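I have placed the structure first, in the form of structure tokens, so that the comments after it can refer back to it.
When a ligand or atom number is given, it counts from 1 through the structure's own listing order. None of the values given here were measured: they were computed from a predicted structure.
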Amino acid sequence: MKKILVTGGLGYIGSHTVVELQNEGYEVVIIDNLSNTTIDVLDKITSITGIKPAFEEIDLKNKEAVKHFFKYYDVDGVIHFAASKAVGESVHEPLKYYENNITTLTYVLQEMVDNSVSNFIFSSSCTVYGQADELPITESAPTKPAESPYGATKKMGEIIIEDTSKATDLKAIALRYFNPIGAHETAKIGELPIGVPQNLIPYVVQTAAGIRECLSIFGDDYDTVDGTAVRDYIHVVDLAKAHIAALNRLLNGENKANCEYFNIGTGTGSSVLEVVNTFEKATGKKVNYKIVDRREGDITAAYANTDLANNELGWKAKLNLETALASAWKWQENQ
Ligand code: WQD
């Protein structure tokens, strides 16, 4: 049985990916420092799959602990989620983001190289494209200067990984996520609500639940179908399955380059108002909202051209926006 390290494996996307890895018959070991999640997610994963993953509470900033991990565990691949991801926070605390997202990445890669672990999947983001010149966005679209230190760490991460794959036996795939939303159908795992939500869907869900009084829609004067900004919202379970497809590609030696990039989205763009309307239709819940000024740094529209992922990974998103929003609501009701 192949053993896979999942860093950040108790987080939102990480936990959903652990479930799909176990469903695929992989043995999983999780590293998490619990800075943005809780240990009971481990039990929730176990209750879904019936298999308790191995777990090590390690902060990847602790280089010795990372070195010791790779001496103790013999893994066949690494899926690397562990990172800070709040765009706004990164603007105020850039050094926290460069240490937590970049320094730790170099420690993981160094130990992989030193221990001949060659299969690496990286959690990247469509944020590397900024506002793309053409839509839908392909992997050959030029990357743009980052709008935030968070976005810069994704771009830098890709460069570090590509350079390492050229100089060593590392084989890597960077998955450029569009907008992950929703929760597992069991509602046992989902996006943990810590503090005031920065992302749209958690805020919509908490407004519908009466936790937030009113959703502020950041601008309705964009050049889009209804003036509100457009994004490609992908169900987190579809996103998790893309990681399995990417891992299988590397383990089966099917990669066509030592470092590959894939856009992981649905290929469909939805405006903020379309999301609100679809949520109300899917759940029967009303969402109070008001239109306010644009948010600094937001782009008008982004949605993926998914041909490469469909053709090369043999992966395609199967769950639609309504299903994803209904699962987000079920997760909220289960809180
Ligand atoms: C979506 C849309 C907002 C909140 C970010 C990261 C990206 C990725 C996904 C990690 C935008 C609007 C939002 C609200 C609103 N994260 N909005 N009111 O900014 O597209 O992408 O999350 O990989 O890297 O940058 O996601 O959910 O914040 O915003 O109107 O209260 O909803 O303006 O148009 P975003 P988001």
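Within the listing of ligand 1, atoms 6 (C), 25 (O) sit less than 4.0 angstrom from a heavy atom of Val87. In the vicinity of Gln198, heavy-atom distances shorter than 4.0 Å reach the ligand 1 atoms 4 (C), 28 (O). Near Thr127, meaning under 4.0 Å from one of its heavy atoms, ligand 1 places the atoms 24 (O). Within ligand 1, the atoms closer than 4.0 Å to a non-hydrogen atom of Ile217 are 30 (O), numbered from 1 in the order shown. Atoms of ligand 1 lying under 4.0 Å from any heavy atom of Asp298, numbered from 1 in the order shown and given with element: 3 (C), 33 (O).
For atom 26 (O) of ligand 1, the nearest protein heavy atom (residue, atom name, distance) is Asn179 ND2, 3.2 Å. Nearest protein heavy-atom neighbour of atom 12 (C) of ligand 1: Val272 CG2, 3.9 Å. For atom 22 (O) of ligand 1, the closest heavy atom belonging to the protein is Asn199 ND2, 3.2 Å. In this structure, the protein non-hydrogen atom closest to atom 7 (C) of ligand 1 is Ser125 OG, 4.0 Å. When hydrogens are left out, the protein atom nearest atom 29 (O) of ligand 1 is Arg295 NH2, 3.4 Å; that is the closest non-hydrogen contact. Scanning all protein heavy atoms for the shortest distance to atom 20 (O) of ligand 1 gives Arg231 NE, 2.7 Å.
An N or O contact shorter than 3.5 Å is missing between Ala229 and ligand 1 by distance. Considering backbone and side-chain N/O of Leu200, one or more are found under 3.5 Å from N/O of ligand 1. Considering backbone and side-chain N/O of Lys85, none are found under 3.5 Å from N/O of ligand 1. On a distance-only criterion, Ser124 and ligand 1 share no N/O pair closer than 3.5 Å.
Tyr150 and Glu89 share no donor-acceptor pair across their side chains, judged by distance under 3.5 Å alone.
When side chains are defined from C-beta on, Glu274 counts as touching Val225, because their heavy atoms get closer than 4.5 Å. Inter-residue side-chain proximity for Phe55 and Val29 is flagged as unmet; no heavy-atom pair is nearer than 4.5 Å. Residues His80 and Leu60 meet the side-chain proximity criterion, which asks for heavy atoms closer than 4.5 Å. For the pair Asn288 and Leu215, the minimum side-chain heavy-atom distance is 4.5 Å or more.
Remark: Lys171 does not engage Glu260 in a salt bridge, criterion side-chain N to carboxylate O under 4.0 Å. Between Arg295 and Asp298 a salt bridge is recorded (basic side-chain N to carboxylate O distance below 4.0 Å). Ion pairing between a basic and an acidic side chain is recognised when a charged N comes within 4.0 Å of a carboxylate O; Glu312 and Arg249 show such pairing. Taking the charged nitrogens against the carboxylate oxygens, Lys144 and Asp133 do have a contact shorter than 4.0 Å, which makes a salt bridge.
Counting heavy atoms closer than 4.0 Å to ligand 1, residue Ser216 contributes backbone atoms (N, CA, C, O) but none from C-beta onward. Contacts of Leu215 with ligand 1, taken as heavy-atom pairs under 4.0 Å, involve the side chain alone.
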Quiz item: Could you go step by step and tell me if Glu322 and Lys281 meet the salt bridge (charged side-chain N to carboxylate O under 4.0 Å, His left out) rule?
Solution: CA-CA 8 Å; Glu322 190 166 349; Lys281 182 174 156 234; 3.3 Å; yes
Practice problem: Go through the steps to decide whether Glu111 and Lys67 satisfy the test salt bridge (charged side-chain N to carboxylate O under 4.0 Å, His left out), and finish with yes or no. | Solution: CA-CA 6 Å; Glu111 292 312 317; Lys67 188 184 286 290; 3.3 Å; yes
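Of all the listed residues (Tyr177, Tyr150, Tyr12), Tyr150 holds the heavy atom that lies closest to atom 10 (C) of ligand 1. Comparing heavy-atom distances from atom 15 (C) of ligand 1 across Tyr289, Tyr203, Phe218, Tyr233 singles out Phe218 as nearest.
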